[in-house]
Structure formats: C-alpha cells, structure tokens
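Below: one structure, written as structure tokens.
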Amino acid sequence: MIRKLDHIGIAVRSIDEALRAYRDGLGISCNHRETVEEQQVETAFLRVGETHLELLEPTDPEGPVGRYLERRGEGVHHLCFEVEDLEAAMDRCREAGLRLIDSRPRRGAQGKRVAFLHPKSTHGVLIELSQASGD
Ligand code: CO
C-alpha cells in the first residue's frame, strides 16, 4: 500500500531563515517552492536521497500551520507516505479504526491528492497520505 516516505514536514516561522540551516549549513538543495492557498502555507521541498524535507511557513497565523507554531513552536510537523491508491488507503485506515481528518482527498502541494490521519490514532504523529498526480 505504501511506496515510500515521500517527505517529512517541518513547521518553521520563516523558510528563508530555515534555508540557512538546511541548504547553506547542511547542503540540502531546495528543488521546489510553492504556496498552497487552501492550507495557508508556503512550502519548500528539499531533496534528501529518495525522500524530501518539506519546510512549511504559514501565510496566515490562523491557518493550520500558523496555529500549530503558536501552540508547539517550530519542529517536525508531519510524515507523508506516498500510496499507490489514495481511496484504497483511506478505506483501509478507516476499516482499521483510524481517525481521518479528511473524509475525502484534497489537493496538496505539487498537485497531489492528499488526506491526513489524526495524530490521536497514529500514536502522536500527524500522517499525510499522498498519491502522485500522474497515477
Ligand atoms: Co506534506
């Protein structure tokens, strides 16, 4: 069902500031930047081998990442698994009794269809399931 760990989302106050650490310090290059309006967030993707870091900077303090930063501060925000079939993965999670934040897929970064699982049912980790747009 799961192909790979697609990315690790990290909530930051400023992508430009964070790039000083991740790009300039650690030498991980940024290969994509995009604003995702629906989630009130600007994103930057940094490739690390087979996976990526996704830096998340809120565009609105009242959006989901804005509120997260206010409550918890900067840090690891979610893990994203790439799945072959998003609906099938959501059904399977539902049948296993996991709580889904999204009852149906929504649009994430890079035009991918995504859905989130509630951290209460995944032992404290916000999980994003994502299906590549070409699939
Ligand atoms: Co993500």
Side-chain angles (χ1 to χ4, degrees):
M1 169 169 121
I2 287 174
R3 283 182 172 163
K4 63 173 184 180
L5 177 64
D6 188 75
H7 62 263
I8 299 168
I10 301 173
V12 302
R13 298 199 186 279
S14 158
I15 284 176
D16 289 328
E17 287 283 319
L19 284 174
R20 285 201 220 155
Y22 290 96
R23 182 192 57 204
D24 304 344
L26 290 163
I28 308 169
S29 56
C30 176
N31 54 306
H32 180 76
R33 278 181 86 148
E34 177 184 348
T35 301
V36 183
E37 303 283 353
E38 295 111 286
Q39 299 189 46
Q40 291 118 350
V41 78
E42 187 186 340
T43 64
F45 283 85
L46 290 76
R47 178 185 290 281
V48 186
E50 288 285 287
T51 191
H52 298 82
L53 304 182
E54 177 188 36
L55 303 177
L56 301 155
E57 175 186 330
T59 55
D60 181 343
E62 296 304 314
V65 176
R67 281 185 276 117
Y68 179 92
L69 275 176
E70 192 57 43
R71 274 201 321 272
R72 313 273 293 267
E74 294 185 306
V76 172
H77 177 263
H78 67 272
L79 301 184
C80 176
F81 295 117
E82 184 185 300
V83 296
E84 282 183 30
D85 179 334
L86 184 57
E87 274 82 2
M90 291 171 75
D91 284 346
R92 183 182 165 134
C93 289
R94 237 180 244 119
E95 282 160 22
L98 304 189
R99 196 164 132 203
L100 282 86
I101 292 173
D102 300 297
S103 56
R104 54 181 58 193
R106 63 163 121 149
R107 190 193 160 278
Q110 297 173 299
K112 294 178 180 179
R113 298 163 65 246
V114 306
F116 284 86
L117 302 180
H118 198 285
K120 283 219 161 89
S121 59
T122 47
H123 301 260
V125 181
L126 177 61
I127 302 277
E128 177 182 13
L129 302 173
S130 144
Q131 183 179 334
S133 43
D135 293 4

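Indexing begins at 1, ligand by ligand and atom by atom, following the structure's order.
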What I'd like to find out is whether the side chain of Phe81 reaches to under 4.5 Å of the side chain of Met1, using heavy atoms alone.
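They are not in contact (no side-chain heavy atoms under 4.5 Å apart), so the answer is no.
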Just to verify, which of Asp102, Ile101, Leu126, Ile127 counts as forming a side-chain contact (heavy atoms from CB on, under 4.5 Å) with His118?
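The option that passes is Ile101.
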Thinking salt bridges, do [X] and [Y] make one under a 4.0 Å N-O criterion?
| X | Y | value |
| --- | --- | --- |
| Glu17 | Arg20 | yes |
| Glu87 | Arg113 | yes |
| Arg13 | Glu74 | no |
| Arg92 | Asp85 | no |

Everything protein-side that's N, O or S and under 2.8 Å from the Co ion (ligand 1): list it, residue and atom.
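Listed by chain and number, the nearby protein N, O or S atoms are His7 NE2, Glu54 OE1, His78 NE2, Glu128 OE1.
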